[in-house]
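Predicted model, so just to flag it, every value in this text is computed and none were measured. Just so you know, ligand 1 is whichever comes first in the structure, and atom 1 is the first atom listed for that ligand.
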Amino acid sequence: MQQTYFMIKPEIVAAGDQKVGAILSIVNASGFRVTGLEMRQLDRPLVEDFYGEHRERPFFGDLVEYITSGPVVCIRLEREDAVSRLRELIGATNPAEAATGTIRFLYGESLSNNAVHASANTEDAARELDLIFG
Ligand code: CMP
């Protein structure tokens with residue numbers, strides 16, 4: 001069993017429980033078990049640390065602004081090959097390039113408002129879970 005970090009981003013949470021519920025249903029139907037879940041308003045230092053690998057990228061300021069703009073849903077997930085299977089399930093970073101039926105295909109609006117985040121690899125999963133859940 002492997003763990004990964006999954007996050008439902010502010011524009012989905014702001015849109016209401018129905019979208020959050022629909023996304024959690026997709027994840028659950030794909031064999032993931034929720035082992036931690038919390039709706040949280042993340043603060044700026046935490047988000048800067050979380051997305052630290054993007055610090056030098058031109059979109060970093062907007063990314064931090066956006067993720068701190070409202071509550072997110074922070075989720076710890078578990079299943080076999082959780083990291084790669086969740087990345088498959090959410091689709092490409094840019095929703096316009098996401099495969100049909102993936103979460104970003106269904107719920108993403110744009111590259112910056114792409115509905116959800118999932119850890120990119122097992123090292124990131126461990127780091128992100130530690131940052132968010134301690
Ligand atoms: P996420 O998987 O959460 O990881 C970093 C986020 O930065 C990414 O999803 C996008 O929402 C956001 N982002 C904004 N602009 C870009 C870009 N040009 N390239 C990659 N990610 C971007």
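- Ligand 1 has an N or O atom lying under 3.5 Å from an N or O atom of His117, backbone or side chain.
- Of the possible donor and acceptor atoms, none in the side chain of Arg104 sits under 3.5 Å from a partner among the backbone N and O of Glu109.
- Neither the backbone nor the side chain of Asp62 has any atom closer than 4.0 Å to an atom of ligand 1 (non-hydrogen atoms only).
- No hydrogens or angles considered: a donor-acceptor pair under 3.5 Å links the side chains of Lys9 and Asn114.
- Contacts between Arg104 and ligand 1 below 4.0 angstrom, taking non-hydrogen atoms only, involve the side chain exclusively.
- Ranking the protein heavy atoms by distance from atom 11 (O) of ligand 1 puts Leu111 O, 2.8 Å first.
- Of all non-hydrogen atoms in Cys74 and Leu42, the two that sit nearest each other are SG-CD2, 4.2 Å.
- The ligand atoms of ligand 1 that sit less than 4.0 angstrom from a heavy atom of His54 are 5 (C).
- Minimum interatomic distance between Ala15 and Lys19 (heavy atoms only, all atoms of both residues): CB-CD, 3.9 Å.
- Inter-residue side-chain proximity for Arg79 and Arg33 is flagged as unmet; no heavy-atom pair is nearer than 4.5 Å.
- Between the side chains of Glu78 and Thr35, not a single donor N or O lies within less than 3.5 Å of an accepting N or O.
- Considering only non-hydrogen protein atoms, atom 15 (N) of ligand 1 sits nearest to Phe59 CG, 3.4 Å.
- Within the 4.0 Å heavy-atom cutoff, Lys9 counts among the residues contacting ligand 1.
- Selection from Tyr66, Phe50, Tyr51 by nearest heavy atom to atom 5 (C) of ligand 1 gives Tyr51.
- In terms of protein heavy-atom proximity, atom 6 (C) of ligand 1 is nearest to Leu63 CD1, 3.8 Å.
- In terms of heavy atoms, Arg55 sits closest to Asp49 at NH2-N, 4.2 Å.
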